[in-house]
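Note sheet for the following structure.
So you know, we letter chains A, B, ... as the sequences are listed, proteins then strands, and number each from 1.
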Amino acid sequence: MINIFSQLMMDANKSLYGLTIEPQNASKGPVVLGNGDFFIEIPVAFGCAFSDLTLTGANGTALPTAAELIDKGIETGVGSRMCNAIKVACYYLEAGLIAKPDMIITSNSCCDSMTTLGILMNGYKPWADVPKFTMDAPHSFDEESYRYFGQQLRNAVTFMETATGRKMDWDRLREVCVESNKQRQLLLEFQELKKAVPCPADPDLARQGTEYTTWTFDRVTPTVTAWLEQLVTATEQRVKEGKGIDGVNEKVRFLWQDLAGSWASGTVLARLQKELGAVCIMDYVSYATWTPIDLTSEETMFTSFGKRFLLEDAMNRQALHTADLFCNDILQIVKEFKCDAVIMPAHIGHRDTNSRLKIVRDVCRENGIPCLIIGMDIWDKRYMTPDVVFDRMKTFFEVSGLI
Amino acid sequence: MRSGLKSEVFEKLAVIAGSISNPEVVRWKQQGGRVIVYTCSFVPEELLVAAGLLPFRIRATGSQSAGRADDYFEAANICSLVRHCFNKILTGEYQFLDGCVIGGGCDANRHILDNWEQSEARIPFLHRIFFPHSSGNLMAQNFRNQLENLKQLLEDHFGVKITNEKLQDAIVLCNEIRDLQKSLYALRKVDNPAITAAETISVIVAGYSMPKEAYKADLTLLLEELSGVTMPEKKPVVRLMVVGPGHDEPSLCDIIETMGGAAVTDLTCYGGKTLFGSVREADPDPLQALADYQVIDRPLCPKNLDAHPIINREVMNKIKEYRVDGLIGQSYLCCETWSGELFVLQKELKEAGIPMLRIEREYTSDSLGQVQTRVQAFIETISGGLL
């Protein structure tokens, strides 16, 4: 049955398809190619397309040909233990499948694998003449760090102006920021509504909403704002009616402290919800901590950009910083969203997560929170199949007395 | 592999490099000195020397297991260098240390601090600095600010005053040592050097494990001894260069030399990459001079997105300077940034007609059987003129 939420999911997914290789290559220039997140309001206001090659690789692992693409990535000879999303991106690059961009902007956000992709992009011979700009995302989150990164984003604008001969329309940038603030506020409102028990709407909509707002070609447009408004309105109605997700008898609420990746949502998480009433209330990407961009002056704007990028962009928040922040977020989410358990997928390509599993386990134990560490590949289901992940989680919920 | 070198000073340095605690550290501690351990070559030793501390660069010499560290770092997905070093900390082999500065170069490395703070081996002075991931004046300024902060923390914790004069003296001392180490490296430009690559590694590693003044004196003496040594004529089959991350034990070079090759130079985090150029002396802002050296001047860590052209240029220079026939790009499993760097480098070298063997390995010698087979095949291929 198609309800409003299913319709919204389909709309978002249509836009997310734009992150695969063909639509990206069809982008009208000038095109900026990155190895990870960039402060998206800037290229939008500048009137240029921005593609993130990591996302293109990650979306490759969602295609029916995923296994073949990953194997081709392995055959390129890039590091054998590299994250598979990066391996696919590497294959796309090495096979000459990515259209030559007009500019390349790379940074270390948010993990070593993505930095490595940046190295590959910057060293890719056929693109030797493409203007390049690199940025240093510090592993710290304080006013000085926000100013430091904000300054680099300001320099990125100058770089784009020089590379294209265009000028940034500062009024347009302000308009885009206003729209962006509106969208982030709506995401926060949806997040607030997710606290209701039972959860009023499929929580995966938060992930899709964030991706739609941040990564797709529709980002920071009124189309996305309208989508978010519909989402919030429909969810508010559900909360008023005290209804949960259609067809789900909610018994367990859990935090999935990683990306959902390319296959978990449609397989493991969907099955858990339907068969066991175990609802994934939150994941990495869904967790919204947005604060509004301060439009008082150019300086405050760029410092706000720095803060958004370093602290509020979901993946940067979880991957760039200390174990303290990571664990505090876990405790905060568990408390506020009434989670019964924490699942650490521990994606094999995430060095940062794999470096702090004991800390997470200890923190959960001290706080009486059941915690399961899996060790799966969120991009390649051959490493640990959906059935195995499902069984492990089911057993964990059983032995924890949650079902 | 040994060259047959007979030198008391070399034997002394080899003993220091062959273990973690060593007679020089023991003597330093007995005299009331304090030792600060650090990770990554971009942590400026000069600042630690100016604080009157003995900087000791972390390594896991002789490690057989990372068992206790594997509770903290997932063994299958984290590089063995980080795990084995942290294991040494947990098992008490670094009991002599009074503090640590983590150079947060990569994701695993920077989390050493988080894990250390949570462990029973926790110590009062644990600090982390971050190497910028791109280069330029803004980044050098940011790094300088981090050094200023570290300076303040060192002063507060250790009750010392780090004056500009002390910093300038430390810069001069470390530059002198760097120059001596460059002279040591230069000995291997000839076909029959007085010192092998494995022996050179021991000498370099010792320099990160003992007081600087004493090391300078020992290295000066060793170079004097080596200058008078004449070796029998022996042309190696191939002259190889090693490129990659921390390379603090001689096993790979031993393999190369046992197979008839010669490891004539390297660009690794423990070796050649640390010997580049000099820090500006007598700069009114010595912290800025240190920051500029680390962020702009010297070959960078591939975690820095601007590193590749500089690494490439240095490799090409050394290939000419040392008459290199081929490269061995070695990295540890799960070291992603070096994997990417070596991937790009290999393509460029191929275009330039220079063969390169890529090896992913573990820190310990357990995996060296496979490495030996591959190195042997590589040397045979080059020497047969097949590449």
Side-chain angles (χ1 to χ4, degrees), chain A residues 35 76-83 86 90 94 106-109 111-125 132-140 144-145 148 151-152 155 319-320 322-324 326 346-359 362-363 373 375, chain B residues 70-79 82 104 106-115 117-119 128 130-136 138-139 141-143 145-146 295 302-309 312 331 333-348 351 358 360:
Chain A
N35 64 328
T76 61
V78 76
S80 63
R81 304 283 177 93
M82 188 81 69
C83 168
I86 303 300
C90 181
E94 292 299 312
T106 52
S107 82
N108 58 297
S109 83
C111 65
D112 282 354
S113 282
M114 289 163 78
T115 306
T116 304
L117 183 60
I119 296 169
L120 266 47
M121 289 161 64
N122 290 331
Y124 185 54
K125 219 44 182 302
K132 297 178 181 77
F133 186 80
T134 60
M135 297 190 296
D136 169 36
H139 302 277
S140 47
E144 191 186 338
S145 306
Y148 171 59
Q151 178 65 52
Q152 293 179 66
N155 293 346
L320 272 181
T322 57
D324 275 355
F326 191 79
H347 169 50
I348 57 169
H350 284 162
R351 307 288 167 239
D352 51 296
T353 308
N354 280 281
S355 298
R356 48 193 174 186
L357 292 174
K358 182 175 188 300
I359 298 176
D362 289 351
V363 163
I373 296 170
Chain B
D70 289 349
D71 283 348
Y72 294 81
F73 292 97
E74 175 55 43
N77 303 323
I78 299 296
C79 107
V82 166
C106 64
D107 284 344
N109 191 350
R110 68 192 165 87
H111 285 299
I112 289 177
L113 185 129
D114 290 322
N115 284 313
E117 281 183 333
Q118 300 295 323
S119 76
R128 179 165 45 192
F130 298 107
F131 185 57
H133 304 287
S134 68
S135 286
L138 185 64
M139 290 74 193
Q141 181 60 45
N142 173 272
F143 195 56
N145 294 345
Q146 292 189 56
V295 179
K303 182 79 202 227
N304 184 310
L305 288 149
D306 294 321
H308 176 69
N312 176 288
S331 61
L333 280 163
C334 303
C335 177
E336 292 174 322
T337 47
W338 267 110
S339 291
E341 174 56 39
L342 294 174
F343 179 81
V344 176
L345 188 63
Q346 187 171 29
K347 285 197 297 177
E348 291 171 350
E351 280 180 23
R358 275 183 65 200
E360 282 186 310

Exercise. Output the distance between atom CD1 (B/I78) and atom CZ (A/R356), rounded to the nearest 0.5 Å.
Key: 10.5 Å
Exercise. Taking the side chain as every heavy atom from C-beta outward, state whether B/N145 and A/E144 have any atom pair closer than 4.5 Å.
Key: yes
Exercise. Side chain from CB out, backbone as N, CA, C, O: work out which of these in B/Q118 comes under 4.5 Å of a heavy atom of chain A, or both, or neither.
Key: side chain
Quiz item: In terms of heavy-atom pairs under 4.5 Å, which option from A/N108, A/L120, A/T322 contacts chain B the most?
Solution: A/N108
Quiz item: Taking the side chain as C-beta and beyond, is there a heavy-atom pair between B/F343 and A/I119 under 4.5 Å?
Solution: no
Quiz item: Any salt bridge between A/K125 and B/E351, counting N to O under 4.0 Å?
Solution: yes
Exercise. Go through B/H111 and A/H139 one step at a time and tell me if the ring-ring contact (aromatic ring centres under 6.0 Å, His included) criterion holds.
Key: CA-CA 11 Å; B/H111 285 299; A/H139 302 277; 8.5 Å; no
Practice problem: Would you mind telling me which of B/Q141, B/E117, B/E341, B/K303 has the largest number of heavy-atom pairs within less than 4.5 Å of chain A? | Solution: B/K303
Quiz prompt | Spatial distance of atom OG1 (A/T353) from atom CG (B/D107) [nearest 0.5 Å] | solution = 9.0 Å
Quiz item: About how many Å separate CG of B/D71 and NZ of A/K358, when rounded to the nearest 0.5 Å?
Solution: 6.5 Å
Quiz prompt | Residue B/F130 versus chain A: region with a heavy atom under 4.5 Å | solution = side chain
Quiz item: Do A/T116 and B/E336 have side-chain atoms, one donor and one acceptor, less than 3.5 Å apart?
Solution: no
Quiz item: Which pair of non-hydrogen atoms, one from B/A76 and one from A/R81, has the smallest distance, and what is that distance?
Solution: O-NH1, 2.7 Å
Quiz item: Can you name the side chain to side chain contact (heavy atoms under 4.5 Å, CB included) partners of B/Q346, sequence neighbours left out?
Solution: B/M356, B/R358
Practice problem: Check the pair A/K132 / B/D306 against side-chain contact (heavy atoms from CB on, under 4.5 Å), numbers first and verdict last. | Solution: CA-CA 10 Å; A/K132 297 178 181 77; B/D306 294 321; over 6 Å; no
Quiz prompt | Toward chain B, the part of A/D112 with a non-hydrogen atom under 4.5 Å | solution = both
Quiz item: Checking heavy atoms, do the side chain of A/Q152, its backbone, both or neither come under 4.5 Å from chain B?
Solution: both
Quiz prompt | Any side-chain heavy-atom pair of B/K347 and A/Y124 under 4.5 Å | solution = yes
Quiz item: Heavy-atom distance under 4.5 Å to chain B: side chain of A/M82, backbone, both or neither?
Solution: both
Quiz item: What residue in B/S134, B/P132, B/G340, B/S339 has the most heavy-atom pairs under 4.5 Å with chain A?
Solution: B/S134
Quiz item: Out of B/V82, B/L113, B/L333, which one racks up the most heavy-atom pairs below 4.5 Å with chain A?
Solution: B/L333
Exercise. Please state whether the side chain, the backbone, both or neither of B/N312 comes within less than 4.5 Å of a heavy atom of chain A.
Key: neither
Quiz prompt | Portion of A/D362 that has a non-hydrogen atom of chain B nearer than 4.5 angstrom | solution = neither
Quiz item: Where does A/I86 contact chain B at under 4.5 Å (heavy atoms): side chain, backbone, both or neither?
Solution: neither
Self-check item: A/H350: partners by side-chain hydrogen bond (donor to acceptor under 3.5 Å, both in side chains), with sequence neighbours left out
Solution: A/D258
Practice problem: Check each atom of A/S145 against the heavy atoms of chain B and say whether the ones under 4.5 Å are side chain, backbone, both or neither. | Solution: neither
Quiz item: What part of B/F73 gets closer than 4.5 Å to chain A, counting heavy atoms only: side chain, backbone, both or neither?
Solution: both
Self-check item: Backbone of B/N109 reached by a side-chain donor or acceptor of A/R351 within 3.5 Å
Solution: no
Self-check item: Heavy-atom check, side chain of B/H133 versus side chain of A/T115, under 4.5 Å
Solution: no
Practice problem: Rounded to the nearest 0.5 Å, what's the gap from OG1 on A/T134 to CG on B/L305? Could you check? | Solution: 6.0 Å
Practice problem: Output yes when a side-chain donor or acceptor of B/E74 lies under 3.5 Å from a complementary backbone atom of A/L357, and no otherwise. | Solution: no
Quiz item: Which one of A/G123, A/C111, A/A323 has the most heavy-atom pairs closer than 4.5 Å to chain B?
Solution: A/A323
Quiz item: Hey, does A/S355 have a side-chain heavy atom less than 4.5 Å from the side chain of B/D114?
Solution: no
